[in-house]
Amino acid sequence: MNNATTNTGCPISRRTFVQGAVATAAAVGASGAFGFDIAHAEGTIDTSKPVEKRHTYCDMCNQVPKCGLTAYVQDDKIVRVESRTPHPTTPLCAKGMASIQELYDPNRLTKPLRRTNAKGTGKSEWEEITWDEAYATIASEFNRVKDEYGADAVMFYCGDPKEPRPAIQRVATLFGTSSYGNESSLCSQATQICSQLVFGRGLVTMGVDPTEDTGSCTIWTLNAAWSQPNRHGKFLDQKERGCKFVVVDPRITPTVTGLADVHLQLRPGTDGALALGFINILIRDNLIDQEFVDEWTHGFEGLAELAAQYPPEKVEEITWVPAAKLEEAAHLLAENAPTTMITSAAGMAHSSNVGHALRAIFMIPALLGSIEKKGGMLFPAGSLPFDTAASTTQFRERELYAKEKFEERRVDREDFPVWVSFSDHFQTAYLPEYVDEGKIRAGMLIAANAMIWPETNRYQEALSKLEFAAAVDYYERPWTHDYVDILLPAAMCHERMAPFAVYGRKMILREPCVTPAGEAREDWQIMLELGCALGFEEECFGGSVEEAIKYILETADIGVTLEDMRANPDGVDVPGPEQQENKHTVGRIRRDGEVGFNTPSGKIEFDSEVLKNFGYEGLPVYEEPVHSPLNATGEDAKYPLVLNTGGRVPFYTHSKLREIPWLNQFMPDPIVRLHPQDASARGINDGDEVRIFNWQNEVVMKAEITNMVLPGVIDVFHGWSKANINLLTTRDFDPITGFPPFRCGLCEVERVS
Ligand SMILES: Nc1nc2c(c(=O)[nH]1)N[C@H]1C(S)=C(S)[C@@H](COP(=O)(O)OP(=O)(O)OC[C@H]3O[C@@H](n4cnc5c(=O)[nH]c(N)nc54)[C@H](O)[C@@H]3O)O[C@H]1N2
Ligand SMILES: Nc1nc2c(c(=O)[nH]1)N[C@H]1C(S)=C(S)[C@@H](COP(=O)(O)OP(=O)(O)OC[C@H]3O[C@@H](n4cnc5c(=O)[nH]c(N)nc54)[C@H](O)[C@@H]3O)O[C@H]1N2
Ligand SMILES: [Mo]
């Protein structure tokens with residue numbers, strides 16, 4: 001199928017635009033014109049009493065833009081929230097504004113609970129217990145499993161929330177287990193690994209946003225308008241200044257309509273072929289920076305041979321992107337080199353061939369000589385010594401991890417050796433297998449959600465088979481907590497201190513704005529107290545979060561103390577080195593101080609020596625998604641629609657926030673977006689109930705008919721407990737990264753009569 005005629009000028013459906021606009025209006029109303037009205041909370045601002053303004057940062061989207069939030073506090077209660085200004089990331093989106101409704105939701109967990117009926121046998125029943133009882137039970141179960149099977153049989157796991165992670169990793173390492181995992185197993189780590197393979201350095205530490213020097217920016221997946229709104233604002237500023245944008249996305253999103261000079265609307269999962277198409281044109285038309293390529297890259301001849309097999313016409317057949325559009329995009333990038341940069345995100349990483357596809361994408365700016373150039377892809381120099389959740393390697397006990405050779409014992413060693421080389425947390429893809437093989441027998445699940453894995457039922461089964469599991473969350477989530485023995489209440493962002501925030505070279509302390517609800521405690525406190533119960537009283541600072549932060553500041557060794565941060569609530573600026581171009585030419589990129597890049601060849605690797613060493617193909621070969629509509633045979637031929645899942649919506653984060661009145665009004669029910677052609681071929685009208693099914697399972701949702709999606713592709717948001725689309729996604733993991741193909745499965749849709 002060729003969509004040259006169908007994807008031109010189709011506006012996004014009016015309904016979708018209106019939804020976004022209303023979400024914004026509600027957020028403004030929440031703090032502005034309509035005053036205070038929290039559906040769940042009691043009270044409004046009592047003007048006869050003093051109101052104190054306190055500051056924190058929001059974590060409603062689990063991410064790390066850490067948008068500034070100002071809380072108005074009366075009698076230890078937050079009565080209003082608004083954006084903190086000035087602040088490095090502002091303003092708050094609709095989710096941040098609505099955070100007050102989650103904070104005061106009467107359904108929040110407020111007491112530690114112990115199960116009184118059998119796991120996974122219907123509705124959970126619980127009894128209240130004290131924190132001391134909870135810690136004592138967890139410690140005794142973990143120590144029992146450790147004594148019988150070794151520490152690695154105890155898993156510590158954290159979901160998408162980043163804030164709790166340093167404390168979890170510290171306690172896991174002190175306890176002695178190499179089985180620490182987190183949701184990066186299907187989020188950002190594929191990008192990190194592919195960037196490491198090509199450049200010898202992870203992309204998070206690279207300047208992945210356009211700057212005022214950038215001539216062209218390719219947004220290869222990423223719908224920041226909905227997934228990171230204040231980052232989108234920065235893209236819009238660059239657009240206004242004159243930066244040109246290419247957007248690669250199968251859907252017509254607000255990011256596309258707001259930014260794209262060229263939109264490449266590809267079939268999901270075909271990014272690798274599209275990237276080779278770019279490379280083909282750049283080489284064919286002599287648009288590459290031959291001098292840079294000769295001096296600083298490795299494997300060019302092989303790459304050129306591979307790309308020669310992907311002329312634009314063939315790429316059109318595979319990807320459905322019109323050849324003329326691909327030509328236009330490739331030339332636009334070349335015209336702006338070396339101030340050409342590419343940014344990417346999870347959207348395209350969810351495919352069974354991401355390990356090669358993402359590498360091919362990263363090779364494009366390298367061919368154009370845009371690496372280590374201002375306005376291109378510049379590795380920052382001299383970053384502060386903190387990770388995304390503001391902790392140091394000393395705090396996370398990385399020395400102990402290395403000294404005790406945890407890496408050699410990791411459960412994922414055999415399955416994902418490349419992953420193991422670049423990640424100090426295990427790839428959770430084969431968790432069900434590890435449980436079945438007896439390698440993992442107990443678990444501590446912080447901010448975990450079983451519904452995020454493909455074939456969710458396999459993971460729920462695995463959790464229920466654990467000899468013992470405890471979870472920490474804001475809410476009881478039956479789809480996960482029906483399989484645990486103990487459930488602990490977590491304090492929300494407005495109620496906690498750790499971690500502080502780091503924005504470039506600015507550090508801002510967080511202090512709790514109010515006392516936590518009921519007996520809820522913040523994740524760091526819970527982990528440190530558990531660490532004490534496990535016998536690490538001194539290493540866990542007697543359970544004190546404040547002492548932990550002092551230790552982090554001490555080990556960062558940058559001369560900033562807790563007192564300094566308290567004295568400067570708007571932030572402490574730490575002076576740093578100037579940005580510098582071409583650092584690879586003066587030995588400032590490689591760890592050993594030699595010139596070049598931190599790869600085995602010392603160069604940017606088109607042909608990966610690391611991959612070849614592990615027996616993989618070194619060049620970025622293209623492979624069709626495991627279940628593809630092209631030449632489908634057998635069972636696959638019965639399911640002609642591409643199943644594209646997980647495209648973010650502005651008002652929900654994964655499975656979260658469905659309970660928030662200010663947010664759930666915009667999408668009260670799960671919807672599936674279908675192109676008008678596919679809908680009419682199946683007699684489906686807008687708003688009809690439809691069955692989405694494949695060989696694995698089925699779910700029921702409402703149809704939304706829209707030109708936002710390509711014909712032949714359907715779009716479904718994940719995280720609905722009443723219609724979990726991950727019952728239909730498959731465990732066909734990418735062999736290099738272990739990532740699942742959330743974005744490119746197969747299915748059929750029919751009307752529920
Ligand atoms: N089909 C499909 N599946 C996907 C994706 C997709 O695109 N398509 N995307 C994948 C990606 S990129 C990701 S990151 C994952 C998301 O994976 P998860 O993070 O596992 O998803 P959430 O639904 O946000 O679940 C977080 C849970 O933690 C709780 N929680 C939130 N914040 C905190 C906190 O600070 N402390 C504690 N103790 N609890 C907290 C919430 O109440 C919720 O129950 O989903 C993945 N799954
Ligand atoms: N409101 C909200 N914000 C969030 C989240 C949330 O749940 N809700 N989740 C957070 C998390 S954990 C993450 S990882 C980020 C994700 O951030 P984004 O990557 O921006 O999120 P998505 O909307 O999942 O994907 C971006 C785009 O990728 C496109 N896409 C889908 N399949 C393909 C493909 O095969 N190839 C290409 N090139 N593009 C494809 C989709 O159409 C979508 O428009 O968002 C974060 N921000
Ligand atoms: Mo993610």
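Keep in mind the model is a prediction, meaning the values are calculated, not measured. Counting starts at 1 for both ligands and their atoms, following the listed order. Numbering of residues begins at 1 and proceeds along the displayed sequence.
Taking the six-membered ring for Trp, Trp126 and His481 have ring centres at least 6.0 Å apart. The aromatic ring centroids of His425 and Trp419 lie less than 6.0 Å from each other.
Within the listing of ligand 2, atoms 1 (N), 2 (C), 8 (N) sit less than 4.0 angstrom from a heavy atom of Val649. Those atoms of ligand 2 that come under 4.0 Å of a heavy atom in Thr253, given as number and element, are 44 (O). Taking a cut-off of under 4.0 Å to the non-hydrogen atoms of Trp220, the atoms of ligand 2 that pass are 38 (N). Every atom of ligand 1 with a heavy atom of Thr645 under 4.0 Å away is listed here by number and element: 1 (N), 2 (C), 7 (O), 8 (N).
Only the side chain of Asp59 comes within 4.0 Å of ligand 1, judged by heavy-atom distances. Contacts of Pro650 with ligand 2, taken as heavy-atom pairs under 4.0 Å, involve the backbone alone. Only the side chain of Asn726 comes within contact range of ligand 1, with a heavy atom under 4.0 Å; no backbone atom does. Here Arg496 has side-chain heavy atoms under 4.0 Å from ligand 1, and that is the only part of it that gets that close. With a 4.0 Å cut-off on non-hydrogen atoms, Asp523 touches ligand 1 through its side chain and not its backbone.
Not one N or O on the side chain of Ser628 forms a donor-acceptor pair closer than 3.5 Å with the backbone of Pro625. Tyr652 places no side-chain N or O within 3.5 Å of a backbone atom of Trp720 that could act as its donor or acceptor partner.
With hydrogens and angles left out, the side-chain atoms of His494 and Ser99 include a donor and acceptor closer than 3.5 Å.
Among the atoms of Gly646, some N or O lies under 3.5 angstrom from an N or O of ligand 2. Here's the thing with Ile452: one of its N/O atoms is less than 3.5 angstrom from an N/O atom of ligand 1. Of the N or O atoms in Thr729, none lie within a sub-3.5 Å distance of an N or O in ligand 1. Looking at ligand 2, you'll find an N or O of Gly269 within less than 3.5 Å of one of its N or O atoms. By the 3.5 Å distance cut-off applied to N or O atoms, Cys187 is not counted among the residues near ligand 2. Note: an N/O pair closer than 3.5 Å links Asn223 and ligand 2 by distance alone. Any N or O atom pair closer than 3.5 Å counts here, and Ala490 shares no such pair with ligand 1. At under 3.5 Å, not a single nitrogen or oxygen of Glu183, backbone or side chain, sits near a nitrogen or oxygen of ligand 2.
For the side chain to side chain contact (heavy atoms under 4.5 Å, CB included) with Leu222, the qualifying choice from Arg231, Arg648, His232 is Arg231, the only one to do so.
Among protein heavy atoms, the minimum distance from atom 24 (O) of ligand 1 is reached at Asn62 ND2, 2.9 Å. Looking only at heavy atoms of the protein, atom 44 (O) of ligand 2 is closest to Asp249 OD2, 2.6 Å. Counting only heavy atoms of the protein, atom 15 (C) of ligand 2 lies nearest to Arg648 NE, 4.0 Å.
Remark: distances from the non-hydrogen atoms of Glu163 to ligand 1 are all 4.0 Å or more. At a 4.0 Å cut-off, at least one heavy atom of Arg743 sits close enough to ligand 1 to count as contact.
For the residues Gly745, Ala447, Ser227, the heavy atom positioned nearest atom 26 (C) of ligand 1 is part of Ala447. The residue among Asp160, Leu186, Asn182, Leu109 with a heavy atom at the shortest distance from atom 46 (C) of ligand 1 is Leu186.
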